Amino acid sequence: MPLARRPASRIRVIAHVDLDCFYVQVEQRRQPQLRGKPTAVIQYNSWKGGACIAVGYEARKCGVKRSMRGDAAKAVCPDLNLVQVPVLHEKADLSIYRDAGSEVVAVLSRVGKCERASIDEVYLDVTEAAKRLSSKDLSTLVSEEASTSHIVGLPQELGTKEWFCRPDASREDHLLACGAIIVADIRLAVLAETEFTCSAGVAHNKMLAKLSSGMHKPAQQTLVPSSAVESLLATLPISKIGKLGGKLGQELEGELGVKTVGDLLQFSEVKLQDMYGPNTGTWLWNTARGINGDEVQDRTLPKSHSSGKTFPGPRALKTLETVVYWLKELAETLQLRLDEDLSQNNRTAHLLTIHASCHIEGRATEAPKFSSKSRPLRYGVDKIVEDSRYLFERSLHEFCSHQSAGKEQSEITSSWAVTGLSLTASNIMAKPMVKT
DNA sequence: CAAGTTTACCCT
DNA sequence: AGGGTAAA
(Lines give C-alpha, C1' and ligand atoms only; values in the text may rest on other atoms or scores of the structure.)
Protein backbone atom coordinates (compact mmCIF):
# COMPACT_ATOMS: atom_id res chain seq x y z
CA MET A 1 0.00 0.00 0.00
CA PRO A 2 1.38 3.42 -0.81
CA LEU A 3 2.10 5.62 2.14
CA ALA A 4 -1.17 7.34 2.99
CA ARG A 5 0.38 10.76 3.09
CA ARG A 6 -1.93 13.73 3.04
CA PRO A 7 -2.18 14.85 -0.55
CA ALA A 8 -0.41 18.07 -1.34
CA SER A 9 -2.83 20.87 -2.06
CA ARG A 10 -0.96 21.86 -5.19
CA ILE A 11 -2.82 21.12 -8.40
CA ARG A 12 -1.06 18.58 -10.59
CA VAL A 13 -1.68 17.28 -14.09
CA ILE A 14 -0.78 13.62 -14.36
CA ALA A 15 -0.96 11.30 -17.32
CA HIS A 16 -0.87 7.53 -17.43
CA VAL A 17 0.35 6.29 -20.80
CA ASP A 18 -0.34 2.70 -21.77
CA LEU A 19 1.09 1.17 -24.94
CA ASP A 20 -1.65 -0.73 -26.80
CA CYS A 21 -1.07 -4.52 -26.89
CA PHE A 22 2.58 -3.62 -26.78
CA TYR A 23 4.35 -6.87 -27.63
CA VAL A 24 2.12 -7.23 -30.68
CA GLN A 25 2.99 -3.71 -31.83
CA VAL A 26 6.69 -4.43 -31.41
CA GLU A 27 6.34 -7.54 -33.57
CA GLN A 28 4.27 -5.68 -36.15
CA ARG A 29 6.97 -3.06 -36.44
CA ARG A 30 9.54 -5.80 -37.02
CA GLN A 31 7.27 -7.54 -39.53
CA PRO A 32 5.12 -4.85 -41.18
CA GLN A 33 3.22 -7.44 -43.19
CA LEU A 34 1.50 -8.35 -39.91
CA ARG A 35 0.00 -4.88 -39.51
CA GLY A 36 -3.77 -4.90 -39.68
CA LYS A 37 -3.88 -8.69 -39.38
CA PRO A 38 -5.02 -10.68 -36.35
CA THR A 39 -1.84 -11.24 -34.37
CA ALA A 40 -0.88 -12.59 -30.97
CA VAL A 41 2.46 -13.06 -29.25
CA ILE A 42 3.10 -16.39 -27.55
CA GLN A 43 5.75 -17.51 -25.21
CA TYR A 44 7.71 -20.42 -26.53
CA ASN A 45 6.27 -23.57 -25.17
CA SER A 46 5.56 -26.61 -27.24
CA TRP A 47 2.78 -27.67 -24.88
CA LYS A 48 -0.57 -26.89 -26.55
CA GLY A 49 0.97 -24.29 -28.79
CA GLY A 50 2.42 -21.97 -26.16
CA ALA A 51 0.71 -19.31 -24.09
CA CYS A 52 -0.60 -16.00 -25.47
CA ILE A 53 0.86 -13.08 -23.58
CA ALA A 54 -0.34 -10.29 -25.87
CA VAL A 55 -3.25 -10.15 -28.29
CA GLY A 56 -3.77 -7.54 -31.02
CA TYR A 57 -7.12 -5.81 -31.48
CA GLU A 58 -8.02 -7.63 -34.70
CA ALA A 59 -7.46 -10.92 -32.91
CA ARG A 60 -9.50 -9.81 -29.89
CA LYS A 61 -12.42 -9.18 -32.23
CA CYS A 62 -12.47 -12.83 -33.19
CA GLY A 63 -12.36 -13.99 -29.60
CA VAL A 64 -8.69 -14.54 -28.84
CA LYS A 65 -7.90 -13.81 -25.21
CA ARG A 66 -4.76 -13.29 -23.24
CA SER A 67 -3.81 -16.49 -21.36
CA MET A 68 -5.29 -18.71 -24.07
CA ARG A 69 -3.05 -21.47 -25.32
CA GLY A 70 -1.87 -21.02 -28.89
CA ASP A 71 -3.88 -24.02 -30.08
CA ALA A 72 -7.08 -22.70 -28.54
CA ALA A 73 -6.48 -19.28 -30.08
CA LYS A 74 -6.00 -20.83 -33.52
CA ALA A 75 -9.21 -22.75 -33.04
CA VAL A 76 -11.33 -19.63 -32.51
CA CYS A 77 -9.40 -17.55 -35.04
CA PRO A 78 -7.95 -19.69 -37.84
CA ASP A 79 -6.33 -16.69 -39.59
CA LEU A 80 -4.43 -15.76 -36.46
CA ASN A 81 -0.74 -14.95 -36.83
CA LEU A 82 1.21 -16.27 -33.88
CA VAL A 83 4.60 -14.75 -33.18
CA GLN A 84 6.98 -16.32 -30.70
CA VAL A 85 8.84 -14.38 -28.06
CA PRO A 86 12.57 -14.63 -28.83
CA VAL A 87 14.44 -17.33 -26.93
CA LEU A 88 17.87 -16.92 -25.43
CA HIS A 89 19.59 -19.46 -23.21
CA GLU A 90 16.46 -21.60 -23.50
CA LYS A 91 14.34 -18.92 -21.90
CA ALA A 92 11.86 -16.32 -23.13
CA ASP A 93 13.86 -13.16 -23.80
CA LEU A 94 11.88 -9.98 -23.29
CA SER A 95 14.70 -7.57 -24.04
CA ILE A 96 13.38 -6.33 -27.38
CA TYR A 97 10.17 -5.24 -25.64
CA ARG A 98 12.08 -3.63 -22.81
CA ASP A 99 14.21 -1.69 -25.27
CA ALA A 100 11.15 -0.64 -27.26
CA GLY A 101 9.63 0.65 -24.02
CA SER A 102 12.78 2.68 -23.44
CA GLU A 103 12.36 4.33 -26.85
CA VAL A 104 8.90 5.47 -25.80
CA VAL A 105 10.09 6.78 -22.43
CA ALA A 106 12.80 8.76 -24.19
CA VAL A 107 10.13 10.61 -26.17
CA LEU A 108 7.72 11.08 -23.26
CA SER A 109 10.41 12.45 -20.98
CA ARG A 110 10.69 15.53 -23.18
CA VAL A 111 7.47 16.93 -21.68
CA GLY A 112 7.73 15.98 -18.04
CA LYS A 113 8.87 13.74 -15.24
CA CYS A 114 8.53 10.05 -16.16
CA GLU A 115 7.99 7.01 -14.00
CA ARG A 116 8.24 3.69 -15.74
CA ALA A 117 5.50 1.67 -14.09
CA SER A 118 5.98 -1.48 -16.14
CA ILE A 119 7.36 -2.62 -19.46
CA ASP A 120 4.49 -0.88 -21.29
CA GLU A 121 3.17 1.77 -18.90
CA VAL A 122 4.46 5.18 -17.89
CA TYR A 123 3.25 7.85 -15.51
CA LEU A 124 3.99 11.36 -16.68
CA ASP A 125 3.78 14.57 -14.63
CA VAL A 126 3.03 17.37 -17.08
CA THR A 127 2.10 19.98 -14.47
CA GLU A 128 4.89 22.40 -15.37
CA ALA A 129 4.35 22.13 -19.12
CA ALA A 130 0.61 22.61 -18.62
CA LYS A 131 1.21 25.74 -16.56
CA ARG A 132 3.41 27.18 -19.27
CA LEU A 133 0.67 26.59 -21.81
CA SER A 134 -2.08 27.93 -19.59
CA SER A 135 -1.39 31.60 -20.27
CA LYS A 136 -1.79 31.15 -24.02
CA ASP A 137 -4.88 31.22 -26.17
CA LEU A 138 -5.85 27.57 -26.43
CA SER A 139 -8.18 27.98 -29.40
CA THR A 140 -5.23 27.95 -31.80
CA LEU A 141 -3.37 25.20 -29.92
CA VAL A 142 -5.91 22.39 -29.78
CA SER A 143 -4.60 19.86 -32.27
CA GLU A 144 -6.78 17.43 -34.16
CA GLU A 145 -5.64 14.67 -31.84
CA ALA A 146 -6.35 16.71 -28.70
CA SER A 147 -9.85 17.52 -29.92
CA THR A 148 -10.65 13.81 -30.10
CA SER A 149 -9.98 13.40 -26.38
CA HIS A 150 -12.77 11.80 -24.40
CA ILE A 151 -13.93 13.76 -21.38
CA VAL A 152 -15.63 11.89 -18.58
CA GLY A 153 -19.01 13.44 -17.77
CA LEU A 154 -18.84 15.91 -20.64
CA PRO A 155 -22.23 17.62 -21.02
CA GLN A 156 -23.67 16.44 -24.32
CA GLU A 157 -24.18 19.91 -25.74
CA LEU A 158 -20.45 20.63 -25.45
CA GLY A 159 -17.74 19.32 -27.79
CA THR A 160 -14.22 18.53 -26.55
CA LYS A 161 -12.69 21.58 -28.17
CA GLU A 162 -15.40 23.83 -26.75
CA TRP A 163 -14.80 22.35 -23.30
CA PHE A 164 -11.06 22.98 -23.65
CA CYS A 165 -11.54 26.60 -24.70
CA ARG A 166 -14.53 27.64 -22.63
CA PRO A 167 -13.76 30.93 -20.94
CA ASP A 168 -15.43 30.16 -17.60
CA ALA A 169 -13.37 27.03 -16.88
CA SER A 170 -11.95 26.64 -13.38
CA ARG A 171 -8.18 26.80 -13.07
CA GLU A 172 -8.23 23.05 -12.44
CA ASP A 173 -10.12 22.27 -15.63
CA HIS A 174 -8.06 24.72 -17.64
CA LEU A 175 -4.80 23.11 -16.55
CA LEU A 176 -6.25 19.70 -17.35
CA ALA A 177 -7.11 20.91 -20.85
CA CYS A 178 -3.55 22.18 -21.26
CA GLY A 179 -2.24 18.83 -20.07
CA ALA A 180 -4.43 16.99 -22.53
CA ILE A 181 -3.12 19.07 -25.41
CA ILE A 182 0.44 18.30 -24.36
CA VAL A 183 -0.29 14.60 -23.95
CA ALA A 184 -2.04 14.40 -27.31
CA ASP A 185 0.94 16.03 -28.99
CA ILE A 186 3.51 13.83 -27.32
CA ARG A 187 1.47 10.74 -28.21
CA LEU A 188 1.67 11.81 -31.83
CA ALA A 189 5.42 12.27 -31.42
CA VAL A 190 5.65 8.76 -29.98
CA LEU A 191 3.83 7.44 -33.03
CA ALA A 192 5.99 9.40 -35.45
CA GLU A 193 9.26 8.42 -33.82
CA THR A 194 8.61 4.85 -32.69
CA GLU A 195 5.59 3.75 -34.79
CA PHE A 196 3.78 2.74 -31.59
CA THR A 197 0.30 3.85 -30.63
CA CYS A 198 -0.64 4.37 -27.02
CA SER A 199 -3.65 5.32 -24.96
CA ALA A 200 -3.58 7.79 -22.10
CA GLY A 201 -5.53 9.02 -19.14
CA VAL A 202 -5.14 12.61 -17.96
CA ALA A 203 -6.26 13.65 -14.50
CA HIS A 204 -5.15 15.41 -11.33
CA ASN A 205 -3.57 12.34 -9.75
CA LYS A 206 -2.06 8.95 -10.56
CA MET A 207 -5.04 6.90 -9.48
CA LEU A 208 -7.49 8.72 -11.75
CA ALA A 209 -5.00 8.87 -14.62
CA LYS A 210 -4.49 5.13 -14.44
CA LEU A 211 -8.20 4.49 -14.17
CA SER A 212 -8.98 6.56 -17.25
CA SER A 213 -6.19 5.43 -19.56
CA GLY A 214 -8.03 2.19 -20.15
CA MET A 215 -11.44 3.72 -20.83
CA HIS A 216 -10.91 4.31 -24.54
CA LYS A 217 -8.44 2.07 -26.32
CA PRO A 218 -6.59 1.78 -28.55
CA ALA A 219 -4.83 5.02 -29.52
CA GLN A 220 -7.13 7.38 -27.65
CA GLN A 221 -7.02 9.48 -24.51
CA THR A 222 -9.45 10.26 -21.73
CA LEU A 223 -9.65 13.17 -19.29
CA VAL A 224 -11.15 13.11 -15.82
CA PRO A 225 -12.27 16.55 -14.64
CA SER A 226 -12.74 16.79 -10.88
CA SER A 227 -16.43 17.43 -11.35
CA ALA A 228 -16.84 13.96 -12.86
CA VAL A 229 -15.08 12.03 -10.12
CA GLU A 230 -17.95 11.52 -7.72
CA SER A 231 -20.36 9.95 -10.19
CA LEU A 232 -17.56 8.05 -11.91
CA LEU A 233 -16.57 6.34 -8.67
CA ALA A 234 -20.11 5.89 -7.40
CA THR A 235 -20.80 2.82 -9.53
CA LEU A 236 -17.25 1.71 -10.25
CA PRO A 237 -16.45 -1.83 -9.04
CA ILE A 238 -13.60 -1.65 -6.53
CA SER A 239 -11.61 -4.21 -8.51
CA LYS A 240 -11.02 -1.53 -11.16
CA ILE A 241 -8.90 0.46 -8.74
CA GLY A 242 -5.20 -0.31 -8.58
CA LYS A 243 -4.35 -2.58 -5.62
CA LEU A 244 -7.99 -3.53 -4.97
CA GLY A 245 -8.01 -6.23 -7.63
CA GLY A 246 -6.83 -8.93 -5.24
CA LYS A 247 -7.16 -10.00 -1.65
CA LEU A 248 -7.81 -6.57 -0.15
CA GLY A 249 -10.67 -5.98 -2.59
CA GLN A 250 -12.19 -9.34 -1.63
CA GLU A 251 -11.92 -8.56 2.05
CA LEU A 252 -13.64 -5.24 1.49
CA GLU A 253 -16.53 -6.95 -0.22
CA GLY A 254 -16.73 -9.82 2.26
CA GLU A 255 -16.39 -7.80 5.46
CA LEU A 256 -18.07 -4.51 4.59
CA GLY A 257 -20.24 -5.47 1.63
CA VAL A 258 -18.42 -2.89 -0.47
CA LYS A 259 -18.88 -3.52 -4.17
CA THR A 260 -18.29 -0.10 -5.67
CA VAL A 261 -15.87 2.66 -4.76
CA GLY A 262 -18.91 4.76 -3.86
CA ASP A 263 -19.94 2.17 -1.26
CA LEU A 264 -16.76 3.03 0.62
CA LEU A 265 -17.93 6.59 1.29
CA GLN A 266 -20.14 5.61 4.19
CA PHE A 267 -17.26 4.41 6.36
CA SER A 268 -15.27 6.79 8.52
CA GLU A 269 -11.53 7.02 8.17
CA VAL A 270 -11.18 5.68 11.74
CA LYS A 271 -13.36 2.66 10.95
CA LEU A 272 -11.32 1.84 7.84
CA GLN A 273 -8.07 2.29 9.76
CA ASP A 274 -9.42 0.09 12.49
CA MET A 275 -10.07 -2.74 10.08
CA TYR A 276 -7.20 -2.45 7.62
CA GLY A 277 -4.47 -0.59 9.48
CA PRO A 278 -3.70 3.13 9.59
CA ASN A 279 -2.01 3.31 6.23
CA THR A 280 -4.43 1.25 4.20
CA GLY A 281 -7.40 2.77 6.02
CA THR A 282 -6.47 6.32 5.15
CA TRP A 283 -5.61 5.27 1.63
CA LEU A 284 -9.06 3.69 1.22
CA TRP A 285 -10.81 6.75 2.65
CA ASN A 286 -8.98 9.01 0.20
CA THR A 287 -9.49 6.62 -2.70
CA ALA A 288 -13.26 6.67 -2.16
CA ARG A 289 -13.09 10.42 -2.77
CA GLY A 290 -10.76 10.27 -5.74
CA ILE A 291 -7.95 11.70 -3.64
CA ASN A 292 -4.43 10.39 -4.20
CA GLY A 293 -1.21 12.14 -3.32
CA ASP A 294 1.28 9.67 -4.77
CA GLU A 295 4.01 11.56 -6.60
CA VAL A 296 5.24 10.56 -10.02
CA GLN A 297 8.69 9.21 -9.25
CA ASP A 298 11.50 10.40 -11.48
CA ARG A 299 12.61 6.93 -12.50
CA THR A 300 13.03 5.51 -15.96
CA LEU A 301 15.41 2.70 -15.05
CA PRO A 302 14.49 -0.49 -13.20
CA LYS A 303 15.41 -1.01 -9.55
CA SER A 304 16.27 -4.66 -10.09
CA HIS A 305 16.87 -7.23 -12.78
CA SER A 306 15.68 -10.76 -12.55
CA SER A 307 15.76 -13.88 -14.59
CA GLY A 308 13.57 -16.83 -13.79
CA LYS A 309 11.91 -19.91 -15.15
CA THR A 310 9.26 -22.33 -14.03
CA PHE A 311 9.54 -26.10 -14.35
CA PRO A 312 5.95 -27.29 -14.14
CA GLY A 313 4.84 -30.79 -13.43
CA PRO A 314 7.06 -33.54 -14.78
CA ARG A 315 9.73 -31.07 -15.79
CA ALA A 316 10.53 -30.28 -12.17
CA LEU A 317 14.27 -30.45 -11.48
CA LYS A 318 15.24 -33.42 -9.35
CA THR A 319 19.00 -33.32 -9.26
CA LEU A 320 21.54 -30.77 -8.17
CA GLU A 321 23.18 -31.07 -11.59
CA THR A 322 20.09 -29.87 -13.43
CA VAL A 323 19.55 -27.11 -10.90
CA VAL A 324 23.10 -25.91 -11.46
CA TYR A 325 22.63 -26.20 -15.21
CA TRP A 326 19.60 -23.89 -15.04
CA LEU A 327 21.27 -21.57 -12.58
CA LYS A 328 23.94 -21.10 -15.21
CA GLU A 329 21.37 -20.36 -17.92
CA LEU A 330 19.67 -17.83 -15.66
CA ALA A 331 23.00 -16.34 -14.65
CA GLU A 332 23.97 -15.87 -18.30
CA THR A 333 20.90 -13.83 -19.08
CA LEU A 334 21.16 -11.89 -15.86
CA GLN A 335 24.80 -11.10 -16.55
CA LEU A 336 23.93 -9.76 -20.00
CA ARG A 337 21.53 -7.33 -18.45
CA LEU A 338 23.97 -6.33 -15.72
CA ASP A 339 26.63 -5.68 -18.37
CA GLU A 340 24.19 -3.56 -20.31
CA ASP A 341 23.20 -1.59 -17.23
CA LEU A 342 26.86 -0.92 -16.49
CA SER A 343 27.76 0.20 -19.97
CA GLN A 344 24.61 2.23 -20.59
CA ASN A 345 23.85 3.63 -17.17
CA ASN A 346 27.08 3.17 -15.22
CA ARG A 347 25.24 1.17 -12.57
CA THR A 348 26.15 -2.01 -10.68
CA ALA A 349 23.95 -4.30 -8.58
CA HIS A 350 25.07 -5.18 -5.07
CA LEU A 351 22.73 -7.93 -3.96
CA LEU A 352 22.00 -11.33 -5.43
CA THR A 353 18.85 -13.16 -4.39
CA ILE A 354 17.82 -16.64 -5.38
CA HIS A 355 14.30 -17.91 -5.08
CA ALA A 356 13.40 -21.54 -5.51
CA SER A 357 9.91 -23.03 -5.49
CA CYS A 358 10.11 -26.64 -4.43
CA HIS A 359 8.20 -29.79 -3.76
CA ILE A 360 9.60 -31.49 -0.71
CA GLU A 361 8.42 -34.92 0.37
CA GLY A 362 5.82 -34.64 -2.39
CA ARG A 363 4.21 -31.52 -0.99
CA ALA A 364 4.34 -28.17 -2.73
CA THR A 365 6.12 -25.64 -0.61
CA GLU A 366 8.20 -22.56 -0.92
CA ALA A 367 11.82 -22.94 -0.10
CA PRO A 368 13.22 -20.03 1.81
CA LYS A 369 14.87 -17.25 -0.05
CA PHE A 370 18.50 -16.50 0.60
CA SER A 371 20.64 -13.64 -0.45
CA SER A 372 24.32 -13.07 -0.71
CA LYS A 373 25.83 -10.39 1.44
CA SER A 374 25.88 -7.13 -0.48
CA ARG A 375 28.58 -8.46 -2.70
CA PRO A 376 29.01 -6.32 -5.77
CA LEU A 377 27.87 -8.36 -8.73
CA ARG A 378 30.72 -7.84 -11.09
CA TYR A 379 32.40 -11.19 -11.10
CA GLY A 380 30.72 -12.66 -14.14
CA VAL A 381 28.58 -15.68 -14.78
CA ASP A 382 30.70 -18.26 -13.00
CA LYS A 383 30.69 -16.24 -9.83
CA ILE A 384 26.92 -15.76 -9.97
CA VAL A 385 26.47 -19.49 -10.46
CA GLU A 386 28.85 -20.29 -7.63
CA ASP A 387 27.11 -17.88 -5.26
CA SER A 388 23.61 -18.95 -6.18
CA ARG A 389 24.49 -22.63 -6.02
CA TYR A 390 25.89 -22.16 -2.57
CA LEU A 391 22.79 -20.25 -1.48
CA PHE A 392 20.54 -22.90 -2.97
CA GLU A 393 22.27 -25.81 -1.29
CA ARG A 394 22.40 -24.06 2.02
CA SER A 395 18.71 -23.13 1.99
CA LEU A 396 17.63 -26.54 0.73
CA HIS A 397 19.63 -28.30 3.39
CA GLU A 398 18.24 -26.15 6.17
CA PHE A 399 14.75 -26.52 4.86
CA CYS A 400 14.94 -30.29 4.47
CA SER A 401 16.41 -30.89 7.88
CA HIS A 402 13.66 -28.75 9.36
CA GLN A 403 10.90 -30.51 7.40
CA SER A 404 12.11 -34.03 7.87
CA ALA A 405 13.92 -34.16 11.16
CA GLY A 406 15.05 -37.66 11.99
CA LYS A 407 15.35 -38.87 8.41
CA GLU A 408 18.53 -40.13 6.91
CA GLN A 409 20.51 -37.64 4.87
CA SER A 410 20.19 -39.77 1.73
CA GLU A 411 16.40 -39.93 2.09
CA ILE A 412 16.19 -36.18 2.46
CA THR A 413 18.27 -35.33 -0.54
CA SER A 414 16.37 -37.66 -2.86
CA SER A 415 12.92 -36.28 -2.11
CA TRP A 416 12.93 -32.74 -3.41
CA ALA A 417 12.00 -31.29 -6.78
CA VAL A 418 12.42 -27.70 -7.96
CA THR A 419 9.45 -26.25 -9.84
CA GLY A 420 10.71 -22.72 -10.24
CA LEU A 421 14.00 -20.83 -10.04
CA SER A 422 14.77 -17.17 -10.23
CA LEU A 423 17.77 -14.94 -9.72
CA THR A 424 17.36 -11.29 -8.85
CA ALA A 425 20.06 -8.62 -8.83
CA SER A 426 19.07 -5.58 -6.80
CA ASN A 427 20.52 -2.69 -4.79
CA ILE A 428 21.57 -1.18 -8.06
CA MET A 429 23.71 1.88 -7.55
CA ALA A 430 25.59 4.30 -9.72
CA LYS A 431 29.19 3.23 -9.81
CA PRO A 432 31.61 5.85 -8.56
CA MET A 433 34.01 7.18 -11.16
CA VAL A 434 37.10 5.04 -11.37
CA LYS A 435 40.30 6.95 -10.81
CA THR A 436 42.74 6.60 -13.64
C1' DC B 1 1.57 -32.27 -14.67
C1' DA B 2 0.69 -26.86 -17.09
C1' DA B 3 -0.05 -19.50 -17.98
C1' DG B 4 5.06 -17.50 -17.60
C1' DT B 5 8.09 -13.76 -16.55
C1' DT B 6 9.05 -9.58 -14.47
C1' DT B 7 8.88 -5.71 -11.34
C1' DA B 8 7.51 -3.11 -7.19
C1' DC B 9 6.40 -2.59 -2.60
C1' DC B 10 4.03 -3.43 1.99
C1' DC B 11 4.29 -5.74 6.50
C1' DT B 12 6.71 -7.51 10.30
C1' DA C 1 15.98 -9.74 5.91
C1' DG C 2 12.32 -12.42 4.44
C1' DG C 3 7.35 -13.36 3.38
C1' DG C 4 3.55 -11.99 0.87
C1' DT C 5 0.53 -9.29 -2.47
C1' DA C 6 -0.43 -7.18 -6.80
C1' DA C 7 0.03 -5.87 -11.45
C1' DA C 8 0.99 -6.17 -16.41
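What you see below is based on every heavy atom in this structure, not just the backbone, and it leaves out hydrogens, waters and symmetry mates. All values reported here derive from a predicted model rather than from experimental measurement. Sequence lines set the chain letters: A, B, ... in the order given, protein chains first and strands last, and positions in each chain run from 1.
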* For atom CD of A:Gln250 and atom P of C:dA7, their distance in whole Å -> 11 Å
* Asked: Touch check for A:Arg98, heavy atoms < 4.0 angstrom, all strands: base, sugar-phosphate only, or nothing?
  -> sugar-phosphate
* Picking from B:dA2, B:dA3, B:dT6, which would you name as closest to the side chain of A:Pro312? -> B:dA2
* Structure fact -> Value for CG (A:Leu34) from OG1 (A:Thr39), rounded to nearest 0.5 Å, stands at 4.5 Å
* Asked: Rounded to the Å, how far apart are A:His16 NE2 and C:dA8 C1'?
  -> 10 Å
* Asked: Has A:Lys74 got more than 12 heavy atoms of other residues, nucleotides or ligands less than 6.0 Å from its NZ?
  -> yes
* Touch check for A:Arg116, heavy atoms < 4.0 angstrom, all strands: base, sugar-phosphate only, or nothing? -> nothing
* **Sugar-phosphate only, base, or nothing, as touched by A:Ile119 at under 4.0 Å among non-hydrogen atoms** => nothing
* For A:Asp18, which contact category applies under a 4.0 Å heavy-atom criterion: base, sugar-phosphate, or nothing? -> nothing
* Asked: Between B:dT7 and A:Ser118, is there an OP1 or OP2 to side-chain N/O distance shorter than 4.0 Å?
  -> no
* **For atom OH of A:Tyr123 and atom C1' of C:dA7, their distance in whole Å** => 10 Å
* Taking the six-membered ring for Trp, are the ring centroids of A:Tyr97 and A:Phe22 within less than 6.0 Å of each other? -> no
* To do: Salt-bridge test for A:Glu251 and A:Lys247: reply yes if a basic N is under 4.0 Å from a carboxylate O, no otherwise.
  => no
* Atom pair distance, as rounded to whole Å: NZ in A:Lys206 and P in B:dA8 -> 12 Å
* Structure fact -> Regarding the side chain of A:Glu121, the nearest nucleotide among B:dT6, B:dG4, C:dA8 is C:dA8
* To do: Report which part of the nucleic acid A:Ser304 touches: base, sugar-phosphate, or nothing (heavy-atom distance under 4.0 Å, all strands).
  => sugar-phosphate
* **Working for side-chain hydrogen bond (donor to acceptor under 3.5 Å, both in side chains), residues A:Glu103 and A:Thr194** => CA-CA 7 Å; A:Glu103 291 177 45; A:Thr194 68; 5.5 Å; no
* For the side chain of A:Pro314, starting at C-beta, report the closest nucleotide among B:dA2, B:dA8, B:dA3. => B:dA2
* What nucleotide, of B:dA3, B:dT7, C:dA8, holds the atom closest to the side chain of A:Ile53? -> B:dA3
* With a non-hydrogen cut-off below 4.0 angstrom, is A:Leu330 in contact with a base, only sugar-phosphate, or nothing? -> nothing
* Once you round it to whole Å, what is the distance between P of B:dT7 and NZ of A:Lys303? -> 13 Å
* Taking atom C1' in both C:dA7 and B:dA3, compute the distance separating them and give it to the nearest angstrom. => 15 Å
* Closest to the A:Ala92 side chain: B:dA2, B:dT5, B:dA8? -> B:dT5
* To do: Between B:dT7, C:dA6, B:dA2, spot the one nearest the side chain of A:Ser306, thanks.
  => B:dT7
* Using whole Å, report how far CG of A:Asp294 lies from C1' of B:dC10. => 13 Å
* Can you check whether A:Lys243 has a side-chain N or O nearer than 4.0 Å to OP1 or OP2 of C:dA6? -> no
* Where the side chain of A:Asp120 is defined as all heavy atoms beyond and including C-beta, which of C:dA8, B:dT5, C:dA6 is the nearest nucleotide? -> C:dA8
* To do: In whole angstrom, give me the gap between the P atoms of C:dA8 and B:dA2.
  => 25 Å
* Candidates C:dA7, B:dT5, B:dA3 - which lies nearest the side chain of A:Lys210 -> C:dA7
* Counting any heavy atom closer than 4.0 Å, what does A:Ser307 reach on the DNA or RNA strands: base, sugar-phosphate only, or nothing? -> sugar-phosphate
* To do: Report the nucleotide, chosen from B:dA2, B:dT5, B:dT6, that has the shortest atom-to-atom distance to any side-chain atom of A:Gln43.
  => B:dT5
* **Over all atoms of both residues, closest heavy-atom pair of A:Gln43 and A:Leu94** => OE1-CD2, 4.5 Å
* Quickly work out the A:Ile238 CD1 to C:dA7 P distance and round it to whole Å. => 11 Å
* Structure fact -> Winner on side-chain proximity to A:Pro302, out of B:dA8, B:dT5, B:dT6, is B:dA8
* Please say whether more than 12 non-hydrogen atoms of neighbouring residues, nucleotides or ligands are located less than 6.0 Å from NZ in A:Lys217. => yes
